[in-house]
S.K.: 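Just passing along the structure, written as structure tokens.
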Amino acid sequence: MEILVFTSSNCSYCPKAERVLKAVALDYLEKRLSHKKIRTKTPEGKELSIRYRVMGTPTILFLDDNESELKRIV
């Protein structure tokens, strides 16, 4: 399972979302949960934002092993 957190530089809530994500991910490290911060203005961020239809930040996506969305928190 993977968690993606989509952030932008002008988002006042994004740093808090990142801290929560890091704390939660540490609790699940032994269960092979990976997490990644996605900056929406980078080329990769733009591509993933389109792929997963991310419209606002912060957005946290929980993905299964096939990269299919399981849950979304906006």
Side-chain angles (χ1 to χ4, degrees):
M1 184 196 283
E2 184 173 26
I3 300 174
L4 302 180
V5 59
F6 289 81
T7 65
S8 64
S9 58
N10 60 350
C11 170
S12 62
Y13 297 103
C14 289
K16 293 176 187 176
E18 291 175 52
R19 286 193 296 273
V20 169
L21 173 66
K22 286 180 184 179
V24 169
L26 288 175
D27 291 340
Y28 292 92
L29 189 59
E30 69 236 10
K31 295 181 181 176
R32 298 190 306 156
L33 174 72
S34 63
H35 67 283
K36 187 173 183 181
K37 175 181 170 181
I38 307 294
R39 295 185 187 268
T40 57
K41 293 189 179 186
T42 65
E44 178 190 29
K46 289 177 183 177
E47 177 185 331
L48 289 171
S49 293
I50 291 168
R51 178 177 175 184
Y52 291 109
R53 293 181 217 108
V54 173
M55 303 303 281
T57 57
T59 296
I60 301 172
L61 297 181
F62 295 83
L63 307 177
D64 66 12
D65 292 334
N66 297 321
E67 298 183 354
S68 296
E69 184 177 330
L70 298 171
K71 182 158 179 81
R72 174 182 299 242
I73 300 172
V74 181

S.K.: In terms of hydrophobic clusters joined by side-chain contacts under 4.5 Å, are I60 and L70 together?
M.R.: yes

S.K.: Is the closest side-chain heavy-atom distance between T7 and K37 below 4.5 Å?
M.R.: yes

S.K.: Yes or no on side-chain contact (heavy atoms from CB on, under 4.5 Å) for T40 and K46, after CA distance, side-chain angles and deciding distance?
M.R.: CA-CA 5 Å; T40 57; K46 289 177 183 177; over 6 Å; no

S.K.: Quiz question: by atom type and distance under 3.5 Å, do the side chains of S8 and N10 form a donor-acceptor pair?
M.R.: yes

S.K.: For the pair R39 (side chain) and S9 (backbone), establish whether a donor and an acceptor sit closer than 3.5 Å, ignoring hydrogens and angles.
M.R.: no

S.K.: Does D64 use its side chain to pair, donor to acceptor, with the backbone of N66 at less than 3.5 Å?
M.R.: yes

S.K.: Please answer: with hydrophobic residues joined when any side-chain heavy atoms are less than 4.5 Å apart, are V20 and V5 in the same cluster?
M.R.: yes

S.K.: Going by the side-chain contact (heavy atoms from CB on, under 4.5 Å) test, name the single residue among S49, C11, C14 that passes it with F6.
M.R.: S49

S.K.: Say you draw a straight line from CG of L4 to CZ of R51; how long is it, rounded to the nearest 0.5 Å?
M.R.: 9.0 Å

S.K.: Look up atom CD1 in I3 and atom CD1 in I73, then write down how far apart they are to the nearest 0.5 Å.
M.R.: 8.5 Å

S.K.: Quick one: pull up NZ in K36 and CG in L61 and give me the separation to the nearest 0.5 Å.
M.R.: 13.0 Å

S.K.: Going through the checks in order, is the side-chain contact (heavy atoms from CB on, under 4.5 Å) test met by H35 and F62?
M.R.: CA-CA 9 Å; H35 67 283; F62 295 83; over 6 Å; no

S.K.: Crowded around E69 CD? As in, over 12 foreign heavy atoms under 6.0 Å?
M.R.: yes

S.K.: At their closest point, which heavy atom of M1 faces which heavy atom of L63, and how far apart are they?
M.R.: CG-O, 3.0 Å

S.K.: List the steps, then state whether side-chain contact (heavy atoms from CB on, under 4.5 Å) holds for Y13 with T57.
M.R.: CA-CA 8 Å; Y13 297 103; T57 57; over 6 Å; no

